[in-house]
Asks: 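Pasting a structure below so you can have a look.
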Amino acid sequence: MSEDKVIVVNKGMVRADYNFWVGRYLDKFFDNLENKKLVGNKCSKCGDVFVPPRKICGKCNVVIPLEENWVDLPDTGILKNYTITPYRVNDRTDRKTKDLSLGMIQIDGSNTAIVYRLLNLKPDEIKIGMKLQIEWAEKTKGDPSDIKGFVKM
Ligand SMILES: [Zn+2]
């Protein structure tokens with residue numbers, strides 16, 4: 001009794017482009033972003049509005065139905081907190097010569113904050129509580145990069 005085996009070994013780096021599905025709630029969120037519209041969803045029990053939308057309210061532990069409780073939101077918000085860093089968000093291996101300003105922005109009419117770059121603001125111009133507005137990407141793709149960042153109103 002014999003068994004033939006072929007063993008192939010490849011050494012090195014493999015680049016694999018891939019897509020993944022973000023789920024039905026974020027899918028709807030990103031479809032709206034592509035049209036430069038911001039939507040959230042609302043818990044029917046406590047009334048909190050989430051951006052990005054979520055399936056379950058963490059406070060009430062109730063499911064927010066996919067086809068209900070969507071809320072159209074404006075492209076404006078309040079700066080809740082911020083940081084200034086020489087590192088990119090998705091690549092901390094390399095310091096940049098120019099600092100990035102990252103803010104936590106609570107969209108008007110929502111109860112959560114999203115993190116985005118603060119654009120055209122010097123560090124001493126950034127103040128917690130300031131009004132900000134979305135600067136949309138020129139060409140949208142239905143992903144987080146459709147929001148280029150936030151600018152002062
Ligand atoms: Zn709730």
Side-chain angles (χ1 to χ4, degrees), residues 14-153:
V14 176
R15 182 187 160 94
D17 291 320
Y18 61 92
N19 293 314
F20 64 94
W21 189 44
V22 293
R24 293 183 297 174
Y25 289 78
L26 279 180
D27 209 22
K28 186 163 178 156
F29 178 70
F30 290 132
D31 282 351
N32 276 280
L33 275 193
E34 191 167 10
N35 296 315
K36 300 186 178 181
K37 287 181 184 162
L38 203 60
V39 296
N41 67 353
K42 186 178 191 169
C43 172
S44 56
K45 193 170 178 188
C46 69
D48 278 4
V49 174
F50 305 107
V51 180
R54 53 179 77 162
K55 184 176 180 181
I56 296 171
C57 174
K59 196 157 57 174
C60 308
N61 201 27
V62 296
V63 172
I64 304 171
L66 178 67
E67 298 308 326
E68 296 170 31
N69 299 351
W70 288 92
V71 182
D72 290 328
L73 294 166
D75 64 352
T76 56
I78 298 286
L79 183 65
K80 300 301 284 185
N81 213 333
Y82 69 95
T83 189
I84 297 167
T85 174
Y87 296 101
R88 289 174 190 263
V89 175
N90 55 358
D91 177 12
R92 295 180 203 157
T93 59
D94 187 23
R95 287 177 76 94
K96 301 293 160 198
T97 52
K98 196 176 171 200
D99 285 349
L100 292 176
S101 302
L102 298 170
M104 287 182 67
I105 302 104
Q106 184 175 352
I107 296 297
D108 294 330
S110 81
N111 297 83
T112 53
I114 53 177
V115 175
Y116 268 98
R117 285 186 63 187
L118 304 174
L119 305 171
N120 309 325
L121 282 166
K122 293 186 180 93
D124 62 341
E125 296 173 322
I126 301 171
K127 306 277 182 246
I128 290 174
M130 70 191 300
K131 285 282 286 176
L132 298 168
Q133 184 167 29
I134 290 175
E135 183 164 310
W136 296 98
E138 285 168 33
K139 192 169 165 62
T140 57
K141 300 182 289 188
D143 70 26
S145 70
D146 293 345
I147 296 176
K148 198 169 165 187
F150 280 78
V151 294
K152 187 179 177 181
M153 281 184 72

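Order of appearance sets the numbers: ligands from 1, and atoms from 1 within every ligand. Numbers for residues simply follow the sequence, beginning at 1.
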Asks: Identify every side-chain donor-acceptor pair in residues 46-63 under 3.5 Å, counting partners at least two apart or on other chains, and give the distances.
Replies:
residue : atom : partner : partner atom : Å
Asp48   : OD2  : Lys59   : NZ           : 3.0

Asks: How many protein N, O or S atoms are found at a distance of less than 2.8 Å from the Zn ion (ligand 1)?
Replies: 4
Asks: Is a side-chain donor or acceptor of Tyr116 paired with a backbone partner of Pro144 at a separation under 3.5 angstrom?
Replies: yes
Asks: Residues two or more places apart in sequence or in another chain: which of them pass side-chain hydrogen bond (donor to acceptor under 3.5 Å, both in side chains) with Lys36?
Replies: none
Asks: Hey, what do you get for CG (Leu33) to CG (Asp143), rounding to the nearest 0.5 Å?
Replies: 8.5 Å
Asks: Among all residues two or more places apart in sequence or in another chain, which pass the side-chain hydrogen bond (donor to acceptor under 3.5 Å, both in side chains) test with Asp75?
Replies: Gln133
Asks: Examine distances only and state if a side-chain atom of Tyr25 and a backbone atom of Ile64 form a donor-acceptor pair shorter than 3.5 Å.
Replies: yes
